[in-house]
Amino acid sequence: MRIGVVTFPGSLDDRDALRAVRIAGGTPVSLWHGDEDIKGVDAVVLPGGFSYGDYLRCGAIARFAPVMSEIIRLAGPPTQTSPGLPVLGICNGFQVLCESHLLPGALIRNEQQQFICRDQKLRIERTDTVWTNRYGKDDEIVVPLKNGEGGFAADQATLDMLEGEGRVVARYLDVNPNGSFRDIAGISNATGTVVGLMPHPEHATEAGYGPEAQAANSTGDGTDGLAFFTSALQGVLSA
Amino acid sequence: MGRVVIDVMPKPEILDPQGKAVVGALARLGFKEFAGARQGKRFELEVEGEVDQAVLDRARQAAETLLSNPVIEDVVAVRAASDQE
Amino acid sequence: MGRVVIDVMPKPEILDPQGKAVVGALARLGFKEFAGARQGKRFELEVEGEVDQAVLDRARQAAETLLSNPVIEDVVAVRAASDQE
Amino acid sequence: MTSDSMNLTPEQRAALDTVEKAATTPDVEQPWAALGMKADEYEAVRKILERRPTGSELAMYSVMWSEHCSYKSSKVHLRQFGEKTTEAMKEHLLVGIGENAGVVDIGQGWAVTFKVESHNHPSYVEPYQGAATGVGGIVRDIISMGARPVAVMDPLRFGALDHPDTHRVLPGIVAGVGGYGNCLGLPNIGGEVSFDPCYQGNPLVNALAVGTLRHEDIHLANARGNGNLVVLFGARTGGDGIGGASILASDTFTEGGPTKRPAVQVGDPFAEKVLIECCLDLFKADVVQGIQDLGAAGLSCAFSELASNGDGGMLVHLDRAPLRDSTLAPEEILMSESQERMMAVVTPEDLPGFLEITNRWDVEATVMGEVTDTGRLVVLWHGETIVDVPPRSVAHDGPVYERPYSRPEWLDARQADTPDRLPKPQTDDELKSLVVTMAGTPNLASRAWITNQYDKYVQGNTAQAMPDDAGVLRVDEESGLGVAIATDCNQRFAALDPYTGAQLALAEAYRNVGVAGGKPLAVTDCLNFGSPEDPAVMWQFAEAVRGLADGCQTLGIPVTGGNVSLYNQTGSTAIHPTPVVGVLGVLDDVARRTPSGWKSAGAQLFLLGTTRAEFAGSEWAWSQHEHLGGLPPQVDLAAEQALATVMVQASSDELVVAAHDLSDGGLAQALVESSLRHGVGATVSLEAACERDGVDAFTLLFAESAARAVVAVKPEAAQQFTEACQAQGVPVVALGSTGGETVAVEGRFELTLDELRVAHERTLPEALNA
Ligand SMILES: Nc1ncnc2c1ncn2[C@@H]1O[C@H](COP(=O)(O)OP(=O)(O)O)[C@@H](O)[C@H]1O
Ligand SMILES: [Mg+2]
């Protein structure tokens, strides 16, 4: 199973995402923003960071990178021959997905006007996505969150649509760290192939380097995020 | 050399955390008469030569594809910069 | 209800990384006619009643103390919003 | 790549101050004083050149001979760091003092480079950008050694928490440190925050960066090889911080604000991030002979240092420098401190490969000139010679001052005013409420409001960070080899006695690293002081350096680099001497580090070290009585060494589950912090320790004696652990055990973790969110 991780200028968590894919048992493949070729990978992770410095708007410039045209084309609505390329956008990657209109809504500046780094409790609400099928419904986990512009925003109709179609993948518990509407931490497209998530599961895949905080369904050693990556291995196979 | 000014503001119905912070800070400094505040962006683009309608059309296109995100923002103005600006 | 518009731009001599990123992105998207770009801020403040000179004076004061950082930014305009805005 | 050889107009040519013109117009008035030069310094330049300098030469000498770049006041003292480094101490030193940063061998072919620097004055003027560019600058030092930057730390000092200017300065500085570091993808793994009115007009922003590399990847700043090319790459040059190096760093602030408002530098962390990745690719492709970052004094520094550390000559075409502002004069280009620039020496054969990599990263690169064997640094401007100097005279042979120093006469009175006269708590109830109050003083309260704005996870190698005693990083993913780093300084101790104070700073950082399980290897320091022209300040400086150098010699760990920041004062009032010390240690496997909080009940608690009635300069004396007097705690470096030896061994034998060194706030604060860390309380009994050391409960809880730690030991390992302590001669006494929802002192009082948490966590948010 080959999972590609895109490096944009200013990507930061790309090496961490590659490591997470490896720990999960997949084959990590580095992808370069300036290439249209995605090297035939089975799935793609758009990593965290500050692509192009996050100047203008987060993800706005990265969305026009050559590699994104290919990803947008392959990840688009499913066709008879293809269920759509699975894509996980983490933090800045989530912002790129919204700017690319692969996911609805947008991410705006944190309500408290500060960058925040914390161990964040989440509830996994949708488990029939490529990226969350190894979690149980309503599992409570802890993964790091670190962002300055992580507030998920959309109009009422879009929010109602997301809720109605069960497309909220993860929700913040205990603390809403950035003013996200309806405590939304992550959403998916209709088919569950494309997922955007503000917190960082790739930073909770190795014992000793993840969060110390625990939740009801925590693994106990700070590796609650690993299942995002093991899910993809599973999900791509059965797709 | 000409200059185009493009103004982009958060959509009224979308939460504007920066605007909210601005009203709060204004009130704390005693500027209580300002009951609301919104914070957007102002771009200035430079072109060789005159700013004519063709340039303005291109600038609007740039504003709508790159400089604003239609989900959360409106392009409120695209115009030639006046001389004092 | 009146509205005051305040425009704040990075000082010309100061590095403007955002503007730099914008020109680069515009060029990559084929908007090569825009040779330079600067990105600043636009504020809209709401007041009860008319925007008269007194309000504008207060707004300028707010612009200069809070809304801009005089070390790196200039307040380029403080004015009543026109009706279309 | 060729110079934009737009020819100068006749007027421009006439206005240009060339070497030729300087030789024939010896009497032209020059603005050396406005550039911060002294008359004798200007004369010295004339003597070196045997003529008057050109405007461009004057610009170069003035910035390079400024206090900030030349260390002219501090040099005679700093020499001790080299002189007191014995051969044995150099065992792990791959690159010592003098390069951009020292490099330390940590084994398995890995090396680490680290250094701390100040950005104090710029951060007062423009907190966000000042702090941001401070981080940017120190990170470029790390890159220029050939290393990948892997973490930052930020020792910060502010005025009183309730002072209005602190509310302007602190949020901006913290946002700037975070904004830049987070955007670079460098985890922040620790630092310090201290509040003291002495910093009201003069906050301190020190930034430390760490990088890792393989031994064979070390790069140095020198220009060798006649005919090799000198390449400037990164951001364009603008008018940032022109004259900053001399004017900013050599001038004091007067009451109410800076005397001169310097042009502020604005950082572009994105450009720096790209520059980091680009440099790493250049190193990997082996297309760089020598490399230098551009910081203070910009091109003046890069040209002259590269040339004088190499074959001694260089010819550059200054008009080729890509500019952000086309109106800049050559003098300004030479002085500009625009950020995010680097300079490399590249062989002609490697140039295509070099440019391929810079293109891939969209980084502008320009061949400025070449290395020569003439022994002269020659700078051309559109073909005209505007600089022709011996590079060493600019970079290394600046003035050296033996500034007069004398022990301030007020010190006797201060030292005589001991805390003995202060009223102490009498009852257990008073002790109990003091524990709560102290947990919430500005200097002891939780730093989460600040540290939550820093990314500590990025890169995935952070084994430990805030609020633990030391930051711990994995360096090798296979073996778990890693480093622990801590920075410390109690400026009140240094104010009472700078020699001892500097040693206490060293001892505390050393202890923090040792307690976390790191074997201390090397030291970096940032010496923040007032004006060297004040003999009292100069004495403090001399004493602090002597103390630190002696201390390092005793501990057997070398100073590998650092920074001096002088003129930190408002009017004639200097800050407390603030010698910030960073210590780096190595762990064979970071999985066996010792965290500072206990995670579970049932561990046995021991107190290591001896407690004396040492309250001078303590947080108790200061926060409860605004008292600063007496003599600081005793330093016993042999005891620190023994403590670290025990703790490093215990961590690698996995005997201990947690350990916290005792420093500000003493034992009480350590118990509170270690209990709050994971919400697991403790029950302790003070009697045995009090009796052994002949002190009362108050002293045991709040004194700030050095060489102490509280350690949580697995019950089955208790005997082995105490024997290990005894074998090293480390005093050890059982305190109690972990568990429960309270911090309980048997027979005296009990505090719930909830009330302690509220007291500890609310101070900063209440003050700063207002
Ligand atoms: N400015 C800062 N940036 C990052 N971490 C900080 C900062 N200030 C304090 N910390 C961290 O907070 C914790 C507590 O700080 P402090 O009480 O000064 O530690 P210690 O007394 O062990 O030196 C430490 O982990 C320290 O590294
Ligand atoms: Mg400590």
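So you know, we letter chains A, B, ... as the sequences are listed, proteins then strands, and number each from 1.
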Using non-hydrogen atoms and a 4.5 Å limit, figure out which bit of [X] sits close to chain D: side chain, backbone, both or neither.
| X | result |
| --- | --- |
| I72(C) | side chain |
| K11(C) | neither |
| N69(C) | side chain |

Could you measure the distance from the CD atom of Q18(C) to the CG atom of D268(D)? Nearest 0.5 Å is fine.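 These two atoms lie 9.5 Å from each other.
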So which of R236(D), E126(D), Q129(D), Q339(D) has the largest heavy-atom pair count under 4.5 angstrom toward chain C?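 Going by pairs under 4.5 Å, I would pick E126(D).
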Testing L15(C), V71(C), D16(C) for side chain to side chain contact (heavy atoms under 4.5 Å, CB included) with V266(D), which one passes?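 Of L15(C), V71(C), D16(C), side chain to side chain contact (heavy atoms under 4.5 Å, CB included) with V266(D) is met by L15(C) alone.
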Nearest non-hydrogen partners of G267(D) and P17(C), listed with the distance: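 G267(D) and P17(C) have their closest heavy atoms at O-CG, 3.8 Å.
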Shortest non-hydrogen contact between D362(D) and R28(C), atoms and distance: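 Answer, listing the atom of D362(D) first, then R28(C): OD2-NH1, 4.3 Å.
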